[in-house]
Number of protein chains: 2
Amino acid sequence: MKINHVLKALSHPIRRAIIAYLRNGSMTAGALAEKFDVSKPTMSTHFAALKEAGLITAERDGVTIHYRLNATVAEEAIGMLMGLFGTQHMPSVQEQPPAPEETENEI
Amino acid sequence: MKINHVLKALSHPIRRAIIAYLRNGSMTAGALAEKFDVSKPTMSTHFAALKEAGLITAERDGVTIHYRLNATVAEEAIGMLMGLFGTQHMPSVQEQPPAPEETENEI
DNA sequence: TATCTAATTAGATAATCAGCTAATTAGAGT
DNA sequence: ACTCTAATTAGCTGATTATCTAATTAGATA
């Protein structure tokens, strides 16, 4: 898993939304494509970026292709980011954390 | 915190290395800059990207500027990614996880 | 084999990004 | 007021990214 590929893959809203869809189970390329307002070839390149990062896997069934989330890579990525930040405890993922107050000495 | 800014900020190796340095305490722009083999103006734009994402804060002390990691935003970002992936349990961050075996039906 | 469907690849273009040098700002100290 | 230092902004160039339409591939089926 190359963290650079993973983070680049994640830094596009459509690709994050694809992942969000795939949390609920695998979907075909076409079914995913029609959820977004871009062309199918554009969606194909988004799939390719996620696949390159290892975040999704593809499985052909006849003429259609099913994409599925790769939870292993997702967890590895989170582990690496936690290592990067030195995160000590779990942030809440269910509720929205309170907005941080403005700091004084920002430039 | 805009997750898009955070992920774009993280998707460059120099910017991740800056964060790694700042884990050990704040550093001046100049001290950080001389750790990397790019020009100071280029480093400045990397600082700006991290600042824009909220991952670091800047504090001026006379003529020098001290950058510091913003742990709050780092944890929020990890929380959002865990929400995105639907991560259930903690991956190990200390030891290297085993390489995932190749899947059969990749295309 | 001809054709239909699902999806990708090819090729082009506009926008964004990363890097550089040169110029500018901001503060401190003569 | 000058000058020195630390850092950023301005302006440019080359590389990468996101998007599109058109063309191609791959499998299924009449």
Side-chain angles (χ1 to χ4, degrees), chain A residues 2-19 21-22 25-69 104-107, chain B residues 2-22 25-69 103-107:
Chain A
K2 283 188 185 143
I3 192 69
N4 212 45
H5 284 168
V6 171
L7 288 168
K8 284 195 173 172
L10 291 177
S11 52
H12 192 291
I14 286 185
R15 292 194 289 261
R16 290 195 299 277
I18 289 169
I19 286 177
Y21 274 114
L22 294 182
S26 75
M27 284 176 76
T28 67
L32 275 168
E34 70 188 18
K35 300 283 187 184
F36 300 91
D37 196 25
V38 294
S39 72
K40 283 178 74 164
T42 295
M43 289 300 292
S44 249
T45 69
H46 285 312
F47 299 147
L50 290 166
K51 197 143 62 84
E52 161 83 10
L55 285 166
I56 64 176
T57 58
E59 192 171 347
R60 180 180 281 275
D61 173 21
V63 84
T64 68
I65 291 181
H66 296 260
Y67 284 110
R68 166 183 329 276
L69 190 58
E104 301 294 304
N105 294 1
E106 276 188 4
I107 294 164
Chain B
K2 283 189 186 145
I3 192 69
N4 211 48
H5 285 167
V6 171
L7 289 168
K8 284 195 171 169
L10 291 177
S11 50
H12 191 291
I14 286 186
R15 292 194 289 261
R16 289 195 299 277
I18 290 170
I19 286 178
Y21 274 113
L22 294 181
S26 75
M27 285 176 76
T28 67
L32 276 168
E34 71 189 17
K35 299 284 187 182
F36 300 91
D37 196 26
V38 295
S39 70
K40 282 179 73 163
T42 295
M43 289 300 291
S44 247
T45 68
H46 285 312
F47 299 148
L50 289 166
K51 197 143 62 84
E52 161 82 11
L55 285 165
I56 64 176
T57 58
E59 192 171 347
R60 180 180 280 275
D61 171 21
V63 83
T64 69
I65 290 182
H66 297 260
Y67 285 109
R68 162 184 331 276
L69 191 58
T103 38
E104 301 294 304
N105 295 359
E106 276 188 4
I107 294 168

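The basis for the numbers below is simple: all heavy atoms, side chains too, and nothing from hydrogens, waters or symmetry mates. So you know, we letter chains A, B, ... as the sequences are listed, proteins then strands, and number each from 1.
- Between the CG atom of A:L10 and the C1' atom of D:dA18 there is a distance of 17 Å, given to the nearest Å.
- If you measure from atom CG of A:L50 to atom C1' of D:dT17, you get 14 Å, rounded to the nearest angstrom.
- Put simply, A:K8 has a side-chain N or O that comes within less than 4.0 Å of OP1 or OP2 on D:dT17.
- Projected onto DNA chain C by closest heavy-atom contact, A:V63 and A:A48 fall at different nucleotides, the more 5' of which corresponds to A:V63.
- Rounded to whole Å, atom P of D:dC20 lies 13 Å from atom CZ of A:F36.
- A:K40 places its NZ atom 17 Å from the P atom of D:dA26, with the value rounded to the nearest Å.
- With a 4.5 Å cut-off on side-chain heavy atoms, A:L7 and B:R16 count as touching.
- Among the nucleotides D:dT19, D:dA7, C:dT8, the one closest to the side chain of A:F47 is C:dT8.
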- Item | Verdict with supporting geometry, A:Y67 and A:L50, side-chain contact (heavy atoms from CB on, under 4.5 Å) | CA-CA 10 Å; A:Y67 284 110; A:L50 290 166; over 6 Å; no

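- Across all strands, B:S44 comes closer than 4.0 Å to base atoms (heavy-atom distances).
- For the pair B:I65 CD1 and C:dA26 P, the interatomic distance rounds to 11 Å; values are reported in whole Å.
- As rounded to whole Å, 14 Å separates atom C1' of C:dC17 from atom CD of B:E52.
- Atom CG of A:N4 and atom C1' of C:dA18 are 13 Å apart (whole Å).
- Remark: C:dA26 base-pairs with D:dT5; criterion is Watson-Crick or G-U wobble with both hydrogen-bond distances under 3.5 Å.
- The CD-P distance, from A:E59 to C:dT8, rounds to 14 Å in whole Å.
- Phosphate proximity of D:dC20 to A:S39: present, with a side-chain N or O under 4.0 Å from OP1 or OP2.
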- Evaluation steps, side-chain contact (heavy atoms from CB on, under 4.5 Å), between A:L10 and A:L55: CA-CA 9 Å; A:L10 291 177; A:L55 285 166; 3.9 Å; yes

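- Side-chain N/O atoms of B:Y67 include none lying less than 4.0 angstrom from OP1 or OP2 on D:dA6.
- Projected onto DNA chain D by closest heavy-atom contact, B:T64 and A:D37 fall at different nucleotides, the more 5' of which corresponds to B:T64.
- Looking at heavy atoms from C-beta onward, B:H46 lies in side-chain contact with B:T42 at the 4.5 angstrom threshold.
- Within the 4.0 Å cut-off from OP1 or OP2 of D:dT19, at least one side-chain nitrogen or oxygen of A:H46 is found.
- Ring planes of B:Y21 and B:F36: perpendicular class, angle over 60° (limits at 30 and 60°).
- Within the nucleic acid shown, B:T45 has no heavy atom closer than 4.0 Å to any nucleic acid atom.
- Here the side chain of B:P41 is nearest to one of D:dA10, C:dT8, D:dG27, namely D:dA10.
- Applying the 4.0 Å criterion to OP1 and OP2 of D:dT19, one finds that A:H12 has a side-chain N or O inside that range.
- By the 4.5 Å heavy-atom criterion applied to side chains, A:I18 and A:K35 are not counted as neighbours.
- Put simply, A:R60 has no side-chain N or O that comes within less than 4.0 Å of OP1 or OP2 on C:dA6.
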